[in-house]
Amino acid sequence: MSAAKALEARELKGDLTIKLGRRLIQLTHLDKIYWPDDGYTKGDLLRYYFKVSKYILPYLRDRPLILKRYPDGIEGESFHQHDVDEAPEDLRLVSIEMGDGHKVDYLVGGDLATLLYTANLGAIECHPWHSRIDNLDRPDWIVFDLDPGEGATFDRVCEVALKVRDLLESVGLASYAKTSGSRGIHVFVPLRAEHDYDQAARFAARIASAVARENPAIATVERTLQRRRAGQIYVDHLQNARGKSIVAPYSVRPRPGATVSTPLEWQEVIDRKIGPQDFTIETVLQRISEKGDPFKPVLRQKQRLRQAIKKIGSM
DNA sequence: GGCACTG
DNA sequence: CAGTGCCAACGCTAG
DNA sequence: CTAGCG
Ligand SMILES: [Mn+2]
Ligand SMILES: [Mn+2]
């Protein structure tokens, strides 16, 4: 059966084998409940990823994938998986040598077959590396993970996101925001992959620290939970390292409502009329068809860090 | 979720 | 046959 | 070095 016809059925039940080009992909337990409070099933998850594939796959292409698996749904136990030893032969893998010399076989993103294979394993979220397999030591984006503390509002997250954007802009860099799908915002800075993780991370630390220093009531870079004040937003820059990841644009989250990490226009961050709960596996496709993808420049803009490092150094 | 292994 | 184990690694930094 | 964080 064609993948499209099979997956677009309103109700998905039991198991299904779909053909993608020459590949056969097994999709199992389609009626298993993954979101008990909402009634969404594993079939609903697979249908969403099939329909959004054209938009999400560019952000996964040629990147090692970290799987965070929820085989029994969002309230069941979960585990991380890097080393994938049982993947079908025809899915792309890359063998990456770790610090201690042992090798880990990562799945490589970008193919629909891989996306549906990982979703079928219960990998609700997509977690790509910040670098691509042809240049694993040089990230092609920097991320700022804005995490609201207990009691901090999404309004305040928006406020801090704009501070980050403005500072980046003042050193000559464009940036892009998406909802995390939980309560925060992720700010991405697209890069030409020419600086290594250490240089990128040091730059990110300087930006985050400056935002916290200039806005101490609402932003902090303090990692110790107990020392973050209520209402502050934690500007987490420490994800900018090899082997770490952040959830991809258009990735589903294992959260109530089956929310999706959704790219925003900066004007939406300014207007504060939207919230993370507005974007779910049921609403995001409609939004994309109306507004397009605000993150498109993230894969096109090859920004260079040299001048920006110089400028932040003199501030 | 699926596979290897145990009893 | 049913039941169980397994599937992460690591980078950072305050103390 | 370890503990806590993600
Ligand atoms: Mn974080
Ligand atoms: Mn976060």
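In the text below, chain A, chain B and the rest are named by the order of the sequence lines, each starting its count at 1. Here the structure is a predicted model, which means the values were calculated and not measured.
- Backbone-only engagement by A/Asp83 is indicated by non-hydrogen atom pairs under 4.0 Å involving sugar-phosphate atoms exclusively.
- Atom CZ in A/Phe79 sits roughly 5 Å away from atom C1' in C/dC7 (whole-Å rounding).
- Applying the salt bridge (Lys or Arg N to Asp or Glu O under 4.0 Å) test to pairs two or more places apart or on separate chains, those with a residue in residues 277-296 of chain A are A/Glu268-A/Arg287, A/Glu268-A/Lys291.
- Interatomic distance, A/Ser175 OG to A/Ile207 CD1, rounded to the nearest 0.5 Å: 9.5 Å.
- Note on A/Leu167: it clusters hydrophobically with A/Ile270, by side-chain heavy-atom contacts below 4.5 Å among ILVMFWY residues.
- Atom CZ in A/Arg228 sits roughly 10 Å away from atom C1' in D/dG4 (whole-Å rounding).
- In this structure, A/Tyr106 and A/Trp129 have perpendicular ring planes: the angle between them is above 60°, well past the 30° mark.
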Test side chain to side chain contact (heavy atoms under 4.5 Å, CB included) on A/Arg228 and A/Glu150 and set out the steps.
CA-CA 9 Å; A/Arg228 293 182 204 156; A/Glu150 193 96 12; over 6 Å; no

Once each nucleotide of nucleotides 9-15 of chain C is scored for protein heavy atoms under 4.0 Å, what B/S/- sequence comes out, 5' to 3'?
SSBBBSS

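- A donor-acceptor pair shorter than 3.5 Å can be found between the side chains of A/Ser131 and A/Tyr197.
- Tracing side-chain contacts under 4.5 Å through hydrophobic residues (I, L, V, M, F, W, Y), one never reaches A/Phe203 starting from A/Leu238; they form parts of separate clusters.
- At a non-hydrogen distance threshold of 4.0 Å, A/Thr28, A/His29, A/Lys32, A/Tyr34, A/Lys42 from residues 25-45 of chain A come into contact with DNA chain B.
- Of the residues in residues 108-136 of chain A, A/Asn120, A/Leu121 come within less than 4.0 Å of DNA chain B through at least one heavy atom, sorted by number.
- At a threshold of 4.0 angstrom between heavy atoms, the contacts of A/Asp236 are confined to the sugar-phosphate backbone, with no base atom among them.
- For residues 63-73 of chain A, proximity to DNA chain B is found at A/Arg69, A/Pro71, defined as any non-hydrogen atom under 4.0 angstrom from a strand atom.
- The environment of CZ in A/Arg306 is sparse: at most 12 heavy-atom neighbours from other residues, nucleotides or ligands sit within 6.0 Å.
- A/Thr114 places none of its side-chain heavy atoms less than 4.5 Å from the side chain of A/Leu60.
- The shortest side-chain heavy-atom distance between A/Tyr49 and A/Thr118 does not fall under the 4.5 Å cut-off.
- Around the NZ atom of A/Lys54, the shell of radius 6.0 Å holds no more than 12 heavy atoms that belong to other residues, nucleotides or ligands.
- Here OG of A/Ser182 is found 8.0 Å from CG of A/Asp147. Values are rounded to the nearest 0.5 Å.
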Please lay out, stage by stage, how A/Val143 and A/Asp236 fare under the test side chain to side chain contact (heavy atoms under 4.5 Å, CB included).
CA-CA 9 Å; A/Val143 299; A/Asp236 181 359; over 6 Å; no

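- If you check every strand for non-hydrogen atoms under 4.0 Å, A/Arg202 touches nothing.
- Taking atom CG of A/Leu225 as the reference point, atom P of D/dG4 lies 11 Å away to the nearest angstrom.
- Contact between A/His130 and A/Ile246 at its shortest, heavy atoms only, is CE1-N, 3.8 Å.
- The distance from atom NE2 of A/His80 to atom P of D/dG6 is 13 Å, rounded to the nearest whole Å.
- For DNA chain B, the span of nucleotides reached by chain A at under 4.0 Å from its heavy atoms goes, 5' to 3', from B/dG1 to B/dC3.
- Salt bridge annotation for A/Arg92-A/Asp62: present, with a cationic side-chain nitrogen under 4.0 angstrom from a carboxylate oxygen.
- Atom CD1 of A/Ile133 and atom CD1 of A/Ile96 lie 8.5 Å apart (nearest 0.5 Å).
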